[in-house]
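Convention: sequence-line order gives letters A, B, ...; per-chain numbering from 1.
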Amino acid sequence: MLSRHHVAPELLGDALAGLHAHPPLVQCLTNVVAAQWTANILLAVGASPAMVDNPDEAGGFAAVAGGVLINLGTPQHDTAAAMAQAATGAAAAGTPWVLDPVGAGGLPWRTRVALDLLSRSAPAIIRGNASEILGLSGGEGGKGVDSEHTAEAALGAAAELAREHGSVVAVSGAVDHLTDGRRVVRVANGTELLTRVTGTGCALGALMAGFCAVVEDPLLAATAATATLTVAAEEAAGRSRGPGGFAVALLDELALITPAVLAERTRLS
Amino acid sequence: MLSRHHVAPELLGDALAGLHAHPPLVQCLTNVVAAQWTANILLAVGASPAMVDNPDEAGGFAAVAGGVLINLGTPQHDTAAAMAQAATGAAAAGTPWVLDPVGAGGLPWRTRVALDLLSRSAPAIIRGNASEILGLSGGEGGKGVDSEHTAEAALGAAAELAREHGSVVAVSGAVDHLTDGRRVVRVANGTELLTRVTGTGCALGALMAGFCAVVEDPLLAATAATATLTVAAEEAAGRSRGPGGFAVALLDELALITPAVLAERTRLS
Amino acid sequence: MLSRHHVAPELLGDALAGLHAHPPLVQCLTNVVAAQWTANILLAVGASPAMVDNPDEAGGFAAVAGGVLINLGTPQHDTAAAMAQAATGAAAAGTPWVLDPVGAGGLPWRTRVALDLLSRSAPAIIRGNASEILGLSGGEGGKGVDSEHTAEAALGAAAELAREHGSVVAVSGAVDHLTDGRRVVRVANGTELLTRVTGTGCALGALMAGFCAVVEDPLLAATAATATLTVAAEEAAGRSRGPGGFAVALLDELALITPAVLAERTRLS
């Protein structure tokens, strides 16, 4: 039912060139663990992060931002209220937003928060690991925030979720699987070190929100963000002895990666 | 009254091997300053961090986690409520938990929060610097969050606190002192650079929660965590020009340290 | 109307020597993005950070701290209440405090929070980028948290704000402009990489609070903090391939910089 989608690698390079030419303002409502890292990842690629996550300002700011990330890593009552405002504000203004349902399925309260957000407006992209996507689809999910399933195994649920909400669903894993419910793109870049640094998935969601601001097609935006992060990560892994040096090198590589290198090194299928 | 405890260095190596073989899920209710660092320290040694710190989920998750850290670095009303739920949930499920009473003694509200947590259930380990342990014992504590007393000077209060709650009390300092109220272990590893990076003590508490999930004896768990962090820190210090590089190298060394190296380099007395 | 102020470079060196000799306790009520970074910057120069930002403790602690930073990067209702307590507590105790009105002008709620803080007591220093200083002065401000104006363009508004509150106003930019409403100091150090790492401005505010604890004149304190950060940043930039390595090297250089080097390399006008 799902057709393999041929994304021309040049389109990925064009997307990155567009992000460099028109640095997007990315509003992040994210968790306290990944907030600094997420902002630094966005700054490294040239985007402007703005962590506006209180209920008094989040909705209004979503109308000004180029893209919005809503990440459920460490929700509290105040920030969850802000997320509802941001989703509603983004919908009203036509600002694309990305949902990262961290821990969905395994953790009941935030699963309800995620479903409430989905009922307010359709995100351009839903991004998570296999357990989270399964959990959001009504499956069992994982016991924690790390995935116990492969991205491949969640593809059916991802496609269904995509069709239900009219969103792109991006499932991260050793091979990332991205689908809009009809087409599927696989990105086979990356390194195991991405799982040894906290918040790389969270930062990927923010990059997706940034690419949504400069690229029309959310499937291309999600693919460009995934490719940018994972291609830079491969280069960074080659320069590191461990996860500490890798995280530092990843920021450096994100600042150095060019559209031509991105187009050349991305392994799509 | 306190007897010097001979921990066989091999037991420390075995504990680290156990953590590598059965990576624990560590729930962290910690401060916003050290949250990312703590997660990255846990990931570096191979454990799985889960920062579930809201009142709607913290109690239930404590039943699923292998160990729980409750750290009072930046408590707010919401997160303090979550901590109470987590302590109660951990006790009900038999999950070991670690209390890090940051700033206790010097700061009255959080001292009451800490005492309330202690009245709910006995932590496997209470971890702090000398001022905090003295402060929790009803002494004066320090004016801030940095210790003004040596670990040695707090040993009497630590042993009393340990006997009162049936917990291990770990006092960090140039030489770390750990006691269950009868036995004392001293760990003489480390580097002054550990005091120039924020949250190293906070991360140590999380490592202790992780080792509690794989080792029966909390005194051994606390010792293994202390040794792992401080032995890795000595190696990292040798590779750094300052605190920035040291923090990066510490994550690398935590990912590289083997049970054999740990057993060989730990200086116990 | 504004006179160019000749700060003798030796005074900057003396200020740094004073900070090394008497490490200040700096209370930070700051945002979740920059909290760890800010603490690490303070520790690197030898100061003691204390992130006491809850409404039950913030006011009392401001009486004990040597300097207080209030930063509006990610305010929530609880932390905004704590900020009000801290400003009042600092005023009552004579503790100098620094206001960093992140996003003021562009974001209405936090602009009101900032103005409420200013009505409680006069900060020793108000620090922001040009858009924030313009926004706080009743101008338009920026759409986000990054500045769209040059520091030079905001100098008139800065001087007016300084005279209105009896504060020093520090406007960061390619050339930093600092004024007490009568005198102006320009610091022409720095690197573009400071704009590619999140929270460097936030950390600068914390350094200013630290220098206020050891230097009488707030204009000198603000200048010494700005010079320390930007001179160290120049050295760090020379050792980095990108923003990741730069952030690490900046902490190293802040730990290594001496009063003599600071006095020699600062470019004042």
Side-chain angles (χ1 to χ4, degrees), chain A residues 30-40 51 71-81 102-104 106-113 129 131 141-148 192-203 239-252, chain B residues 23-61 63-66 73-74 76-79 81-82 232 235-236 239-240 244-257:
Chain A
T30 191
N31 61 77
V32 296
V33 185
Q36 183 194 6
W37 174 241
T38 300
N40 277 335
M51 270 58 187
N71 172 300
L72 291 176
T74 57
Q76 301 289 344
H77 292 169
D78 278 1
T79 48
V102 182
L107 292 157
W109 177 63
R110 71 183 66 189
T111 306
R112 288 196 300 277
V113 171
N129 61 34
S131 291
K143 66 178 177 177
V145 294
D146 290 317
S147 185
E148 294 167 353
E192 191 267 343
L193 279 168
L194 283 168
T195 66
R196 299 294 288 273
V197 174
T198 195
T200 52
C202 304
R239 293 174 171 275
S240 323
R241 332 178 36 240
F246 169 71
V248 172
L250 180 53
L251 293 173
D252 289 349
Chain B
L25 178 64
V26 184
Q27 180 183 8
C28 299
L29 300 97
T30 191
N31 61 78
V32 296
V33 185
Q36 183 193 6
W37 174 243
T38 299
N40 277 336
I41 292 264
L42 287 171
L43 286 168
V45 298
S48 288
M51 270 56 188
V52 182
D53 67 346
N54 66 69
D56 292 277
E57 296 172 335
F61 198 76
V64 180
T74 57
Q76 300 289 344
H77 292 170
D78 279 1
T79 50
E235 185 70 25
R239 293 174 171 276
S240 322
F246 169 71
V248 173
L250 180 54
L251 293 173
D252 289 348
E253 296 304 327
L254 284 169
L256 292 168
I257 192 169

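- Pairing each heavy atom of Asp252(B) with each of Gly242(A), the nearest pair is OD1-C, 2.9 Å.
- For the 3.5 Å distance criterion, the side chains of Asn54(B) and His77(A) fail to qualify, holding no donor opposite an acceptor.
- Summarising the geometry of Ala255(B) relative to Arg196(A), their closest heavy-atom pair is CB-NH2, 4.0 Å, with the distance given to 0.1 Å.
- Proximity of Val32(A) to Met51(B): side-chain heavy atoms (C-beta onward) are nowhere separated by under 4.5 Å.
- Across Leu256(B), Asp56(B), Leu251(B), the residue that shares the most heavy-atom pairs under 4.5 angstrom with chain A is Asp56(B).
- Distance CG/Leu43(B) to OG1/Thr195(A): 7.5 Å, rounded to 0.5 Å.
- Closest approach of Ala35(B) and Val33(A) over heavy atoms only: O-CG1, 3.9 Å.
- For a residue to count as touching a neighbouring chain, one of its non-hydrogen atoms must lie under 4.5 Å from one of that chain's; by this rule Val248(A) touches chain B with the side chain only.
- Gln76(A) places a side-chain heavy atom less than 4.5 Å from the side chain of Asp53(B).
- Contact annotation for Glu253(B): only side-chain heavy atoms (C-beta onward) come within less than 4.5 Å of a heavy atom of chain A.
- Of the possible donor and acceptor atoms, one in the side chain of Glu57(B) sits under 3.5 Å from a partner among the backbone N and O of Arg110(A).
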